[in-house]
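Treat the numbers as computed from the prediction; the structure is a model and nothing was measured.
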Amino acid sequence: MFRRYVDAILKWFWLPVLTTVVAGAIAYAYAQRQPVTYSSRVQLLVGPATTSLNPTPNDLRAAAQLLEVYAVLPTMRPFLEDVITELELDLTPGQLDNMITISTSSTTQLLTIRVVDSERPRASVIANTVAGMIVARSAGGSSGDAVQQIQQQIDRVEASVERSEARLVELQQQRDTATTDSQRSNADKLIESERKFLSDSERLLVSLYGEAQTTPNNRVQIVDPATRASRVNRETSTKATLGGLAGLIIGIALVLALDFLDDTFKSEESLVQAAGVPVLGVIARHRALHFTGAKRLIVTTQPASRAAQNYRKLGAKLVFLNSNQGYRSLLVGSPRGTERPAEVAANVAAVLGQLGRTVILVDADLRTSTISKMFGMEKRHGLTDLFSEERSLTECVAPVDDVENLFVLPSGLSVNAGGLLASDSMMDLIEHLQSLADLIIIVAPPFQEQAEGIVLASRANGTIVTAMYGQTRRREIREIMEDLYSLGARVIGTVLTFNTPRSRRFRRGRQRATPVETVSVAQLSKSERARKGAG
């Protein structure tokens, strides 16, 4: 499953790259188009955190609750309208609200007001004005009514105490100058009354002093006023990076979606489910070869490769089938021709030849003649010439140099081959070739492109359907299997290839040209003479 996703990403790698570049470019352009703004900050302290000598936990909890109240106050429409009126701003309450950001910290009891504006001086003015209005609306602030009233009472009591003390001095002088007992007694009464009044006033003054020294919880003060506003960083690189990352995620999601919707084969299990027959072999991906003859075969050029090992394993299975079930002729075909049935057939034929089986490889794909081009035999007589001209098998069948027991019957030079593959003569030829070799491997034309390939499959003892990883669709395999079964073809299995498409260039190796007249297998000429004599 993991391999499937990796292959999907490698196949569509350009899509995540494209979405990453596009999303990053859009984010960068968007960040560049943003107007230049300036940010100004002012901080306020709510409660008795710094002014009280011994704030209690209850005081701090009450201050934290008041902190949240003051954080909501600047967002209210009446408050915003008062700010607009105070500064004569050409803004709506909604626009001003978008410019103001309030943040709180319950642990420090700090209320932070941040104003972002396109005009640098105005940002600081708005921030300080908002802070000042919050302080003005607080009951215990420096301009609060409660503090003023306490201070006024203290002033009145202090003045009363001063007058009382002066009055006592005056009464004491009167007593000292009194000449009669009645005057002295009257002065003592007045002095005692004044001293009592002074004592009460002093106690009241002490109480007022204590109340004034106790910091109220509902107290707001500006601890860090707004100064020169700073330019807001547009964070172009950060936004571009985040945009690119989002584009990469979108691209990968699209790749996985395409892979989910992809109807092609991504595993052996899916091929077995679609075809209904076992997978005889899986051919690993390998480097493309552009030579001819034996150098064109992976099993002879790179015998230690993984693909060559896969072909040898497939060849061993076919030897077993040939020995136990009597398959003398096998047809190898594919739905559209891109699954490289010729590649599979040629390498398997070479493996069987190395195992000591005499194999005749027949190029029945008359339009592309892939087998003929692979072995450099596209300009010699072959299959079509056996019927259009008086040509013998010894003239058409040629051995493959450097590969023992392997013979090739090319497609031929005659162009008048209409209906050849579906004719009874083709059936007779297959039966005759079966008597000359241990196994006949026929490369058929694409099943979906030429109906002759399906008819030809019904003439062979067994049929192998090749499919390419990531290219062949399940629907194609199901349709082909239905067509093959409808004509009575015996499909013995499938082969899944991982080969990548390669150029159609064919370069000849250093091997000598294949002789036209000479065949090194005596059985071919002997059987051919017997067939002509019987005719």
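- In this structure a side-chain-to-backbone donor-acceptor pair under 3.5 Å is missing from Asp402 to Ala294.
- When all heavy atoms of Leu487 and Ser458 are compared, the pair lying nearest together is O-CB, 3.4 Å.
- The CG atom of Asp438 sits 6.5 Å away from atom CZ of Arg328, with the distance rounded to the nearest 0.5 Å.
- Leu314 and Gly281 get closest at one heavy-atom pair: CD1-N, 4.3 Å.
- Rounding to the nearest 0.5 Å places CD of Glu378 at 8.5 Å from OG1 of Thr292.
- Ion pair Glu479/Arg475 flagged as a salt bridge, since at least one NZ, NE, NH1 or NH2 atom sits closer than 4.0 Å to an Asp/Glu carboxylate oxygen.
- Between the CD1 atom of Ile442 and the CE atom of Met426 there is a distance of 5.0 Å, given to the nearest 0.5 Å.
- Listed for the Asn405 side chain is a donor-acceptor partner under 3.5 Å among the backbone atoms of Gly353.
- Distance check, rounded to the nearest 0.5 Å: OG1 of Thr466 to CD1 of Ile283 gives 10.0 Å.
- The two residues Val277 and Gly493 have their closest heavy-atom pair at CG2-CA, 3.9 Å.
- Contact between Tyr469 and Ser267 at its shortest, heavy atoms only, is CE1-N, 4.3 Å.
- Between the side chain of Arg234 and the backbone N or O of Gln34 there is at least one donor-acceptor pair closer than 3.5 Å.
- Ion pairing between a basic and an acidic side chain is recognised when a charged N comes within 4.0 Å of a carboxylate O; Glu476 and Arg336 show such pairing.
- When Gln434, Glu431, Arg459 are each tested for a side-chain hydrogen bond (donor to acceptor under 3.5 Å, both in side chains) with Ser329, only one passes: Gln434.
- Using modelled atom types, one finds no donor on one side chain facing an acceptor on the other under 3.5 Å when comparing Ser414 with Asp385.
- Shown here is Glu404, whose CD atom has no more than 12 heavy atoms of other residues, nucleotides or ligands within 6.0 Å.
- You'll find the side chain of Ile492 reaches within 4.5 Å of the side chain of Leu321, heavy atoms only.
- Between the Glu395 side chain and the Ser392 main chain, a donor and an acceptor come within less than 3.5 Å of each other.
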Discussion item. Under the criterion side chain to side chain contact (heavy atoms under 4.5 Å, CB included), I'd like the reasoning laid out for Ile371 against Val408: C-alpha separation, chi angles, the key distance, then a yes or no.
Written reply: CA-CA 8 Å; Ile371 290 293; Val408 174; 3.9 Å; yes
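- Applying the 6.0 Å contact sphere to OH of Tyr485 captures more than 12 heavy atoms from other residues, nucleotides or ligands.
- Residues Asp428 and Ser425 have side chains that never bring a donor and an acceptor to within less than 3.5 angstrom of each other.
- Contact annotation: the side chain of Leu436 never approaches that of Thr358 to less than 4.5 Å [non-hydrogen atoms, C-beta and beyond].
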Practice prompt. Take Glu68 and Thr104, measure what side chain to side chain contact (heavy atoms under 4.5 Å, CB included) needs, and give me the verdict at the end.
Written response: CA-CA 7 Å; Glu68 300 300 327; Thr104 60; 3.3 Å; yes
Worksheet item: Can you list the steps and then say if Thr37 with Arg231 is a side chain to side chain contact (heavy atoms under 4.5 Å, CB included)?
Response: CA-CA 6 Å; Thr37 56; Arg231 181 172 178 174; over 6 Å; no
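- Each salt bridge (Lys or Arg N to Asp or Glu O under 4.0 Å) pair with one or both residues in residues 23-41, not counting sequence neighbours, appears once here: Arg41-Asp224.
- In this structure, a donor-acceptor pair under 3.5 Å is present between the side chains of Gln32 and Thr236.
- Side chains of Tyr327 and Arg490: a donor on one and an acceptor on the other come within 3.5 Å.
- Between Ile464 and Thr494, every side-chain heavy-atom pair lies at or beyond the 4.5 Å cut-off.
- Side-chain atoms of Ser369 and Ser411 form a donor-acceptor pair, as typed in the model, at a separation below 3.5 Å.
- Between Ala467 and Ile477 the shortest heavy-atom distance is CB-CD1, 4.4 Å.
- Two residues are said to be in side-chain contact when any heavy atoms from C-beta on lie closer than 4.5 Å; Leu484 and Ile454 meet this criterion.
- Taken from CG in Leu413 to SG in Cys396, the straight-line distance is 9.0 Å, to the nearest 0.5 Å.
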Discussion item. Checking Thr300 against Lys295 for the side chain to side chain contact (heavy atoms under 4.5 Å, CB included) test, could you report, in this order, the C-alpha distance in whole Å, the side-chain angles of both residues, the deciding distance, and whether it holds?
Written reply: CA-CA 7 Å; Thr300 56; Lys295 292 184 178 181; over 6 Å; no
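- Proximity of Arg380 to Phe375: side-chain heavy atoms (C-beta onward) are nowhere separated by under 4.5 Å.
- Put simply, the side chain of Thr19 does not reach to within 4.5 Å of the side chain of Ile249, judged on heavy atoms.
- Within the 3.5 Å criterion, the main-chain N or O of Ile298 finds a donor-acceptor partner in the side chain of Asn347.
- Counting heavy atoms from C-beta outward, Ile100 and Leu80 have side chains that approach closer than 4.5 Å.
- Residues Leu409 and Asp363 are not in side-chain contact: their nearest non-hydrogen atoms beyond the backbone lie 4.5 Å or more apart.
- Shortest non-hydrogen contact noted between Val279 and Glu268 is CG2-O, 3.9 Å.
- Of the possible polar contacts, one joining the Lys317 side chain to the Leu280 backbone as a donor-acceptor pair under 3.5 Å is found.
- Note that OG of Ser40 is 11.0 Å distant from CZ of Arg228, once rounded to the nearest 0.5 Å.
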Item to complete: Test side-chain hydrogen bond (donor to acceptor under 3.5 Å, both in side chains) on Asp483 and Ser486 and set out the steps.
Response: CA-CA 5 Å; Asp483 293 338; Ser486 65; 4.8 Å; no
